Amino acid sequence: EIADRFPERLATCDFARRLTYAELDRAANRIAKVLLAQCGGDREPVIILAGINTTATVAALAVFKANKFYVGLEPSFPLARARQIIADTQATVILAESAHLALARELAAPEHRIIDLDTATTGDDSRPSVRIDPDAIALVNYTSGSTGQPKGVVQTHRSALAHAVRLRGVNGAWEAVAGLAIGPEWAWMNTWSFPVESVAIFNLTGAPDMADWQQSLHAGNLRHILVW
């Protein structure tokens with residue numbers, strides 16, 4: 001719906017890539033079609049091995065469009081922790097950036113299927129005909145494990161979207177978070193291991209321009225960075 005209403009509006013960006021809603025939609029559709037073709041349409045966990053960037057956003061939306069749920073792994077995770085998370089989720093599919101394919105192969109067992117996110121960029125970009133149940137699992141975030149073994153925290157599509165709406169005003173304006181007004185002078189810097197990343201995925205509501213913070217950084221106006 002947002003891609004249809006605001007196709008040319010900026011949806012997501014990092015320092016290397018900028019995508020409009022239309023471009024984000026098409027990119028996610030292509031990867032979703034690869035997932036469906038190789039793995040079928042059954043509900044299952046999909047590991048995303050990527051940094052916090054636009055590729056990760058595309059991958060997460062693609063997983064949703066393929067009627068699956070994602071588990072994010074940062075390339076910087078210790079091998080033991082990454083293997084524990086993969087084993088705990090019983091995931092058999094790994095979406096990995098090209099730069100992290102060697103790591104994906106090191107983590108993978110014989111039963112794992114590895115899909116290169118950077119080569120699954122051509123082909124059919126029409127939307128998959130998949131209905132997403134709002135109460136289905138959308139993602140599993142793992143705790144840091146600082147007080148013991150990392151534990152998976154399950155979020156449904158409904159709960160993740162509700163969390164995003166609570167952090168952002170329903171009229172599209174940034175709300176205060178923890179007593180801080182979030183705007184162009186603020187940037188979120190977080191990790192796959194904390195559920196704020198789900199807000200970044202679910203907070204695609206069309207306003208404001210998400211490049212504002214990047215422009216403020218280059219202009220020297222970015223005064224506050226929240227690290228999660």
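The analysis underlying the following values was restricted to heavy atoms, covering all of them including side chains, and did not include hydrogens, waters or symmetry mates. For reference, positions follow the sequence shown, starting with 1. Since this is a predicted model, take the numbers as computed values, not measurements.
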If you define the side chain from C-beta out and look only at heavy atoms, does anything of [X] sit under 4.5 Å from [Y]?
X      : Y      : answer
Gln155 : Ile137 : no
Leu103 : Leu49  : yes
Leu95  : Val46  : yes
Pro128 : Leu36  : yes

Pairing of Arg127 and Asp25 as salt bridge, 4.0 angstrom limit: yes
Aromatic ring pairing Tyr21/Phe6, orientation class (parallel under 30°, perpendicular over 60°, tilted between): tilted
side-chain hydrogen bond (donor to acceptor under 3.5 Å, both in side chains) contacts touching residues 104-116 (sequence neighbours left out): Ser98-Asp116
Partner residues of Asp135 under the side-chain contact (heavy atoms from CB on, under 4.5 Å) criterion, sequence neighbours left out: Asp133, Arg158
Pairs where residues 85-96 contributes a residue and the test salt bridge (charged side-chain N to carboxylate O under 4.0 Å, His left out) is met, not counting sequence neighbours: none
Full working for side-chain contact (heavy atoms from CB on, under 4.5 Å) between Asn29 and Asp124: CA-CA 8 Å; Asn29 290 341; Asp124 184 6; over 6 Å; no
Test side-chain contact (heavy atoms from CB on, under 4.5 Å) applied to Ile85 and Leu73, step by step: CA-CA 8 Å; Ile85 290 173; Leu73 283 186; 3.8 Å; yes
Sub-6.0 Å ring centroid separation between Phe69 and Phe64: no
Candidate pair Lys65 and Val130, rule side-chain contact (heavy atoms from CB on, under 4.5 Å), full reasoning: CA-CA 7 Å; Lys65 287 171 177 280; Val130 173; over 6 Å; no
From Val63, Thr57, Val58, Thr55, residue fulfilling side-chain contact (heavy atoms from CB on, under 4.5 Å) relative to Ile48: Val63
Closest non-hydrogen atom pair, Ala50 against His100: CA-CD2, 4.4 Å
